[in-house]
2 protein chains.
Amino acid sequence: MSLIPQTVREQVTNQIRNDLLSGRFPAGTMLREIELAARFGVSRGPVRDAFIQLSHEGYLAYQANRGVMVRHPPNPKDREFITSVRLQIETYVIQRGFDTKSKESTADVKQALERLHEACQSGEASQVAIRDIEFHQKILVACGGEDMVPTWRQLCSRMLLTYTRLGDYGQAYKEHVAIFEPFRDGNLKKTLAAVRANIK
Amino acid sequence: MSLIPQTVREQVTNQIRNDLLSGRFPAGTMLREIELAARFGVSRGPVRDAFIQLSHEGYLAYQANRGVMVRHPPNPKDREFITSVRLQIETYVIQRGFDTKSKESTADVKQALERLHEACQSGEASQVAIRDIEFHQKILVACGGEDMVPTWRQLCSRMLLTYTRLGDYGQAYKEHVAIFEPFRDGNLKKTLAAVRANIK
DNA sequence: GTAATGTATGATGTTAACAATGTAGGGTTC
DNA sequence: GAACCCTACATTGTTAACATCATACATTAC
């Protein structure tokens, strides 16, 4: 029903990613191509592609001829470091492209914010996590930082394996509104401050 | 003939990566699955897998139903930023795991250094680039930083698209010797200083 | 009894045929 | 003549069959 039809590969990738974020596959689980192909009603090809992709996104670890394993979340010290790098990337990209962003891209960010709102109201942790990242990604793209997205996403992905702002979705949403408003109004300083407050 | 046989996918991926670093495929080139499959004498499957992988490594950009394009190297300002992030990751990982590294892993690093030496003597820029990265990766792994390697590699990959220490291979090799010696001898401070001097 | 080896099994790796998609060119309509 | 549509072709997306690899278990030699 989507107006922008996705390839089977993309759908499978998104579904598995969602399952990973939902905790359906605990860390250490071995994922079987056949099993997932059967579940989605597709052949092993797209599932295989998804495994390669998700391995590079940081969710899965590939072992030749042995399959993929769900990676363990980083330890607290690594978490802290990864977070600091992520924040640096966002700060850099926003600073660099803040003045060149277009109206359409601002609309994209607004849409992402609305989706995050819906997710927060639904209370599904995996959806909140996905929409949270989507919002930040839209901002990066709006600031011309597409090139940095894959690297940035990899860092986020690893963190998301332990996404647990449980019950605090109202606060999460507010923090993103606090990013969007100065972003829309062209206030770089406040935008960055709000991003810093959100990523911690 | 290799003792550690690689899968076709790995071989294809390595070959294409090497070609990219050699400048065989200039930025903006569209890569065709059929063409490369024919060249390597394999089917499109592994080539396809390689495309997905190399897209995530930062070399190629995927467009659904349209194929992959060789990405353009980053502009000078982005280069500088990417380099600083790369340096931070290496510094963090080395600091964190310097004392826990094993003798075997030190031997691995030494072997990587020797390979870099050979590459420098051969004068092939793409080989030097590959061995250069391999050396640094071995150090990261030796310090228990496997988890950070994919992210770190992505950053390096983008830089490598403009690897041009042309003619200065002797200096490049020396810089790595300067990293290895204090690394082997357990001098953290000097190791980090040498890394900083090398990554710039 | 233990260790090495052979074998069965279930997984991933690879292939080639088929389906779906996007692009470019020419033709038609206004 | 310009815009639109339609068709043909080239390319990617998907599938299912086949090949290869790794593991576990039984068997055998010692």
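Just so we're clear, the structure is a prediction, and the values are computed from it rather than from any experiment. Labels below follow one simple rule: chain letters A, B, ... track the order of the sequence lines, proteins then strands, and each chain is numbered from 1.
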Worksheet item: Yes or no on side chain to side chain contact (heavy atoms under 4.5 Å, CB included) for B:F180 and B:K110, after CA distance, side-chain angles and deciding distance?
Response: CA-CA 7 Å; B:F180 176 68; B:K110 190 180 179 186; 3.6 Å; yes

Discussion item. Need one value for A:Y62: base, sugar-phosphate or nothing, where a base atom within 4.0 Å counts as base even if backbone is also close, heavy atoms only.
Written reply: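 Here A:Y62 touches the backbone only, sparing every base.
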
Worksheet item: When all nucleic acid strands are considered with a 4.0 Å heavy-atom cut-off, which category describes B:G67: base, sugar-phosphate, or nothing?
Response: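 Answer is sugar-phosphate: B:G67 comes under 4.0 Å of backbone atoms only.
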
How long is the line joining [atom1] of [X] and [atom2] of [N], in whole Å?
{"X": "B:E33", "N": "C:dA20", "atom1": "CD", "atom2": "C1'", "result": "14 Å"}
{"X": "B:N65", "N": "C:dT23", "atom1": "CG", "atom2": "C1'", "result": "12 Å"}
{"X": "B:M30", "N": "C:dG22", "atom1": "CE", "atom2": "P", "result": "13 Å"}
{"X": "A:R44", "N": "C:dT12", "atom1": "CZ", "atom2": "C1'", "result": "6 Å"}
{"X": "B:R32", "N": "D:dG13", "atom1": "CZ", "atom2": "C1'", "result": "15 Å"}
{"X": "A:F40", "N": "D:dA16", "atom1": "CZ", "atom2": "C1'", "result": "19 Å"}
{"X": "A:I52", "N": "C:dG13", "atom1": "CD1", "atom2": "P", "result": "8 Å"}
{"X": "B:E10", "N": "D:dT20", "atom1": "CD", "atom2": "P", "result": "17 Å"}

Worksheet item: Can you tell me if B:Q154 uses its side chain to pair, donor with acceptor, with the backbone of A:T151 under 3.5 Å?
Response: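 Such a contact is found between B:Q154 side chain and A:T151 backbone.
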
Fill in: Over 12 non-hydrogen atoms of neighbours within 6.0 angstrom of CD in A:Q95
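Yes, enclosed.
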
Worksheet entry | Under-4.0 Å salt bridge between A:R39 and A:D19 |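 Answer for the salt bridge query: yes.
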
Worksheet entry | base_contact_polar (D:dG13 base, B:R66 side chain, donor-acceptor, <3.5 Å) |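 Not at all, since no donor on one side and acceptor on the other fall under 3.5 Å apart.
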
Worksheet entry | N or O in side chain of A:R48 less than 4.0 angstrom from C:dT12 OP1/OP2 |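 It does not, given that no N or O in the side chain of A:R48 lies less than 4.0 Å from OP1 or OP2 of C:dT12.
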
